Amino acid sequence: MRTTAQPIFSPVGFLRGSSFILGGSRMDIASAQREKLHRLIREAVDKAAASGELTFTEIPEFVLETPKDPNHGDFASNVALVSAKAARKSPLEVASILVKYIPVGGFITKVEVAGPGFINFFLSQEWLGDILRAVELQGENYGASNYGQGERVLLEFVSANPVGPLNVVNARAAAVGDTLARLLRACGYGVGTEFYVNDAGNQADVFARSLIARCRQLIDPDYPFPEEGYPGDYVIDLAKRLLVEKPEVLELPEEEQLAFCKRWGTDQMVAGQAADLRGYGVEFDLWFRERDLHAQGRLEELIEFFRDKGHLYEEDGALWFRSTTFGDDKDRVLIKSDGAYTYVTADIAYHHDKLKRGYTKLIDILGPDHHGYIGRMKAAVQALGYGEDTLEVLILQYVALLRDGKPVKMSKRAGEFVTMRELVDEVGRDAARFFFLMRSLESHLDFDLDLAVEQSSENPVFYVQYAHARICSILRQAEEAGIGVPTTAEVDLSLLTEEAEINLIKKMGELPEEILLAATLREPHRIARYALDLAGIFHSFYTHCHVLGEEAPLRDARLVLVKCVQTVLRRSLELLGISAPEQM
RNA sequence: GCGCCUAUAGCUCAGAGGAUAGAGCACUGGCCUCCGGAGCCAGGAGCGCAGGUUCGAGUCCUGCUAGGCGCACCA
């Protein structure tokens with residue numbers, strides 16, 4: 001069973017190998033430099049092979065990375081390191097042979113062999129200008145690509161039961177799923193987002209009975225509350241509203257009453273969840289109702305489909321799906337001996353529906369308590385006739401809220417837990433999203449409530465937003481002084497020589513690649529960290545370099561630079577679903 | 001018992017098999033005649049344990065240890 005996140009395509013061959021191709025009509029210029037270097041390296045390998053100096057059966061995949069240490073050049077490749085074995089020479093020997101075939105000139109000012117056998121490339125200033133021109137040209141689309149070529153991906157996330165308010169893990173899932181959707185769209189995928197509403201199962205029945213009991217208690221305080229009922233106060237509030245909206249509900253025959261409360265109650269919960277999510281910046285393309293699957297006979301269809309394929313058998317009065325054929329730990333019951341469908345039956349029918357609607361990649365984002373679910377669903381998708389990797393399940397880990405450095409106690413059984421709405425009310429939508437997106441999915445994250453509301457540089461979300469607000473302030477004052485922001489073509493970009501300026505430009509050049517990595521590796525936290533890095537470099541620039549007040553040529557070049565940083569910061573924040581305030 | 005996640009600086013966390021393992025916080029000391037000090041600059045310390053694969057392992061494999069979570073004819 002494969003339980004870790006599987007990229008849609010392995011990005012390895014794509015990013016590190018020979019073909020860095022961004023589709024669409026406008027190729028990203030900064031990445032075009034990278035592509036040129038890739039090609040030059042491959043040509044050098046071919047020439048070295050032709051001359052007999054190197055012998056390969058095939059060229060291994062290699063990395064072209066931006067070194068942390070600027071002394072290692074603008075780009076560095078490990079091609080010699082990874083191909084040393086195939087060449088039966090030391091990495092240093094391979095590297096020194098290859099550099100002979102890499103022509104210096106044009107945008108390449110120097111090529112050298114360093115360390116254990118890296119080939120370091122030093123580029124002319126011109127390529128930095130290319131980055132700024134790319135940002136200017138592409139603006140709000142900077143970093144987008146057509147890598148996905150329209151492949152249809154369905155992201156399902158949150159999918160909380162409609163029996164209570166959303167919790168903090170739901171909030172984490174919402175932030176991660178929404179940003180992943182934005183990232184995949186930016187990479188040219190045809191993305192759909194869905195929330196599966198589990199409104200037909202036992203839990204919905206229990207919820208309906210809890211609601212009825214609360215209604216009766218409002219009339220007769222001694223009326224007993226079901227032992228396994230939902231204890232939260234929100235059920236009482238809902239009961240009050242129900243008695244106002246439909247006072248005759250308690251007069252209905254029991255079965256009708258239950259059916260009504262189940263439908264009405266879950267609808268109310270769904271409406272509340274949708275409103276909370278909207279306030280959090282998350283809108284779903286579709287809220288898919290489990291009850292529709294039942295009403296449309298889709299479960300029966302699924303059973304017939306599986307029966308035809310021979311995936312079913314009966315035992316102990318129940319109908320079983322032989323999921324072990326497809327690598328599941330054990331077979332699963334689809335119809336219980338009492339004739340009722342199990343939860344998994346409906347969920348398989350739902351996934352079948354997604355596939356029939358033309359999605360070729362399904363991504364489910366689930367909480368940590370559902371990891372045991374992966375095997376059976378991957379088995380189901382295969383039994384439906386699709387490849388093992390069609391379904392990809394991302395498991396989020398738990399969230400611990402910290403106040404005064406101590407965990408906030410939560411008890412689901414007692415109905416005491418912090419809801420997503422409370423969290424967002426307390427720390428704000430931007431801080432909540434950023435804190436969830438800062439960490440990798442699999443981290444068990446500590447959410448520091450005190451830090452999230454702090455208005456200081458210690459609070460990462462403020463740190464990033466403040467950088468944006470500072471830029472806006474500069475541009476505003478320029479405008480007030482009658483100084484327009486020029487275009488890259490109108491200024492002398494070679495005046496940007498300060499370390500902070502160079503670092504800013506290089507960092508901006510990394511965004512397209514970061515977006516691609518974040519999307520394909522399912523690592524949205526890369527973008528949050530990217531935004532923090534870029535903001536940090538900007539703050540340093542701000543302290544060391546002035547914009548307004550400098551001589552016109554330098555001032556104008558810096559205005560262009562600052563304008564570009566604004567675009568890139570805005571773009572990063574937009575991908576995170578976080579606002580970019582002009583003033584704070 | 002089986003499965004999943006985690007273990008990196010005092011704390012919270014990054015780290016695409018590669019160069020000297022990085023940030024932030026905390027602690028200490030500096031920086032405002034100047035575009036927003038909600039900022040900047042400078043200082044110490046670390047990969048849970050044991051093997052293995054590799055030219056090279058925080059990263060991959062195996063076995064331990066510790067913490068979190070899950071193992072239904074519940075959803």
Side-chain angles (χ1 to χ4, degrees), chain A residues 1 3-4 11-12 15-16 63 65 67-69 71-72 76 78 81-82 84-85 90-92 114-118 120 161 163 198 200-204 206 290 315-320 329-330 332-338 340-344 346-347 367-375 395-398 400 402 405 438-448 451 454-460 462-463 465-467 469-478 481 500 517 521 523 525-526 529 532-533 536 538-550 555 558 562 583-584:
Chain A
M1 173 167 62
T3 53
T4 49
V12 171
L15 289 167
R16 306 189 216 160
V63 186
E65 62 180 9
K68 279 162 266 179
D69 185 343
N71 293 323
H72 297 149
N78 68 343
L81 293 158
V82 296
K85 190 171 200 170
S90 77
L92 278 170
F118 284 99
N120 293 338
N161 283 333
V163 297
N198 190 215
N202 281 355
Q203 295 200 13
V206 171
E290 181 188 355
E315 191 175 292
D316 301 330
L319 188 65
W320 294 71
D329 301 335
K330 50 172 291 195
R332 306 290 167 176
V333 169
L334 296 186
I335 300 179
K336 296 184 271 182
S337 52
D338 67 2
Y341 290 105
T342 60
Y343 173 81
V344 74
D347 211 12
D369 48 337
H370 282 76
H371 78 256
Y373 205 63
I374 300 172
I395 297 292
L396 290 174
Q397 295 303 319
Y398 275 115
L402 300 183
M438 248 185 342
R439 307 289 183 226
S440 56
L441 303 197
E442 65 268 22
S443 72
H444 303 225
L445 89 80
D446 287 339
F447 191 117
D448 187 333
L451 179 60
E454 203 165 307
Q455 309 259 312
S456 78
S457 64
E458 293 174 27
N459 182 346
F462 278 87
Y463 185 78
Q465 290 179 318
Y466 183 53
R470 272 183 150 175
I471 293 170
C472 292
S473 176
I474 294 171
L475 297 178
R476 211 159 40 231
Q477 287 174 59
L517 286 167
L521 298 174
E523 293 181 351
H525 72 279
R526 284 174 172 276
R529 305 202 81 89
L532 275 169
D533 285 349
F538 174 76
H539 285 306
S540 179
F541 160 82
Y542 186 89
T543 302
H544 297 295
C545 304
H546 278 257
V547 178
L548 306 176
E550 295 290 347
R555 178 199 69 198
R558 285 184 175 165
V562 159
Q583 294 180 62
M584 298 176 69

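Only a predicted model underlies this, so the values are computations on that prediction, with no experimental measurement involved. Chain A is the first sequence line, chain B the second, and so forth, proteins listed ahead of strands; every chain is numbered from 1.
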Between [N] and [M], how far apart are the two [atom1] atoms, rounded to whole Å?
N     : M     : atom1 : result
B:A38 : B:U33 : P     : 16 Å
B:G1  : B:G63 : P     : 14 Å
B:A66 : B:G30 : P     : 48 Å
B:G15 : B:G24 : C1'   : 15 Å
B:G58 : B:A9  : P     : 15 Å
B:G70 : B:G37 : C1'   : 49 Å
B:A57 : B:G51 : P     : 14 Å
B:A21 : B:U59 : C1'   : 11 Å

Looking for any heavy atom pair under 4.0 Å, which part of the strands does [X] touch: base, sugar-phosphate only, or nothing?
X      : value
A:S90  : nothing
A:A114 : base
A:L445 : sugar-phosphate
A:N71  : nothing
A:C545 : base

Provide the Watson-Crick or G-U wobble partner of [N], both distances under 3.5 Å; none if there is no partner.
N     : result
B:G3  : B:C69
B:A42 : B:U28
B:C55 : B:G18
B:U62 : B:A50
B:A23 : B:U12

Can you tell me the distance, in whole Å, between the [atom1] atom of [X] and the [atom2] atom of [N]?
X      : N     : atom1 : atom2 : value
A:D329 : B:G1  : CG    : C1'   : 14 Å
A:Y542 : B:A38 : OH    : P     : 10 Å
A:M438 : B:A23 : CE    : P     : 17 Å
A:E458 : B:C11 : CD    : P     : 18 Å
A:Q465 : B:G36 : CD    : P     : 18 Å
A:L451 : B:A26 : CG    : C1'   : 13 Å
A:L475 : B:G36 : CG    : C1'   : 13 Å
A:L81  : B:A16 : CG    : C1'   : 15 Å

If every non-hydrogen atom of [X] is compared with every non-hydrogen atom of [Y], which pair is closest and at what distance?
X      : Y      : answer
A:A204 : A:A200 : CB-N, 4.3 Å
A:P116 : A:P91  : O-CB, 3.3 Å
A:N120 : A:A114 : ND2-CB, 3.4 Å
A:G201 : A:E290 : N-OE1, 4.0 Å
A:A318 : A:V333 : CB-CG1, 4.1 Å

**Report entry** Cation over ring face, A:R470 and A:F538, 6.0 Å, 45°
**Finding:** no
Requested in this report: Encode nucleotides 67-75 of chain B as B, S and - characters from 5' to 3', where the letter depends on protein heavy atoms closer than 4.0 Å: B to the base, S only to sugar-phosphate, - to neither.
Outcome: BBBS--BSB
Query raised in the report: What is the per-nucleotide protein-contact pattern of nucleotides 40-48 of chain B, from the 5' end, where B denotes a base atom under 4.0 Å from a protein heavy atom, S denotes such proximity for sugar-phosphate atoms only, and - denotes neither?
Result: SS-------
**Report entry** A:S337 side chain reached by A:D316 side chain, heavy atoms, under 4.5 Å
**Finding:**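 A:D316 vs A:S337: side chains apart.
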Query raised in the report: Can you tell if the side chain of A:R526 reaches within under 4.5 Å of the side chain of A:L521, non-hydrogen atoms only?
Result: yes
Report task. Starting from the C-alpha separation in whole Å, work towards a yes-or-no answer on side chain to side chain contact (heavy atoms under 4.5 Å, CB included) for A:L451 and A:E458. Result -> CA-CA 7 Å; A:L451 179 60; A:E458 293 174 27; 4.0 Å; yes
**Report entry** Distance-only donor-acceptor test (3.5 Å): side chain A:N78, base B:A16
**Finding:** no
Query - Working for side chain to side chain contact (heavy atoms under 4.5 Å, CB included), residues A:E454 and A:F462 - result: CA-CA 8 Å; A:E454 203 165 307; A:F462 278 87; over 6 Å; no
Query raised in the report: Parallel, tilted or perpendicular: which fits the ring planes of A:Y373 and A:H370, with parallel below 30° and perpendicular above 60°?
Result: perpendicular
Query raised in the report: Reckon A:R526 has a side-chain N or O less than 4.0 Å from the OP1 or OP2 of B:A16?
Result: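 For B:A16, OP1/OP2 do have a side-chain N/O of A:R526 under 4.0 Å.
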Go through [options] for me and flag the one nearest to the [X] side chain.
X      : options             : value
A:S443 : B:C35, B:G18, B:C13 : B:C13
A:H546 : B:C34, B:C13, B:G18 : B:C34
A:A76  : B:C55, B:C5, B:A19  : B:A19
A:E65  : B:A19, B:C13, B:C25 : B:A19

Query raised in the report: A:F118 stacking on B:A19: centroids under 5.5 Å, ring planes under 30°?
Result: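 Check passed, A:F118 stacks on base of B:A19.
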Query - A:H525 ring over B:A14 six-membered base ring, under 5.5 Å and 30° - result: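 Ring-base stacking flag not set for A:H525 and B:A14.
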Query - Trace of the side chain to side chain contact (heavy atoms under 4.5 Å, CB included) decision for A:R439 with A:F447 - result: CA-CA 10 Å; A:R439 307 289 183 226; A:F447 191 117; over 6 Å; no
**Report entry** Toward the 5' end of RNA chain B, by each residue's nearest nucleotide, A:R476 or A:L402
**Finding:**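 Final value for this comparison: A:L402.
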Report task. For A:N161, check side chain to side chain donor-acceptor pair (under 3.5 Å) against everything at least two apart and list the hits. Result -> A:Q203
Requested in this report: Enter syn or anti for the glycosidic conformation of B:C55, syn applying to angles within 90° of 0.
Outcome: anti
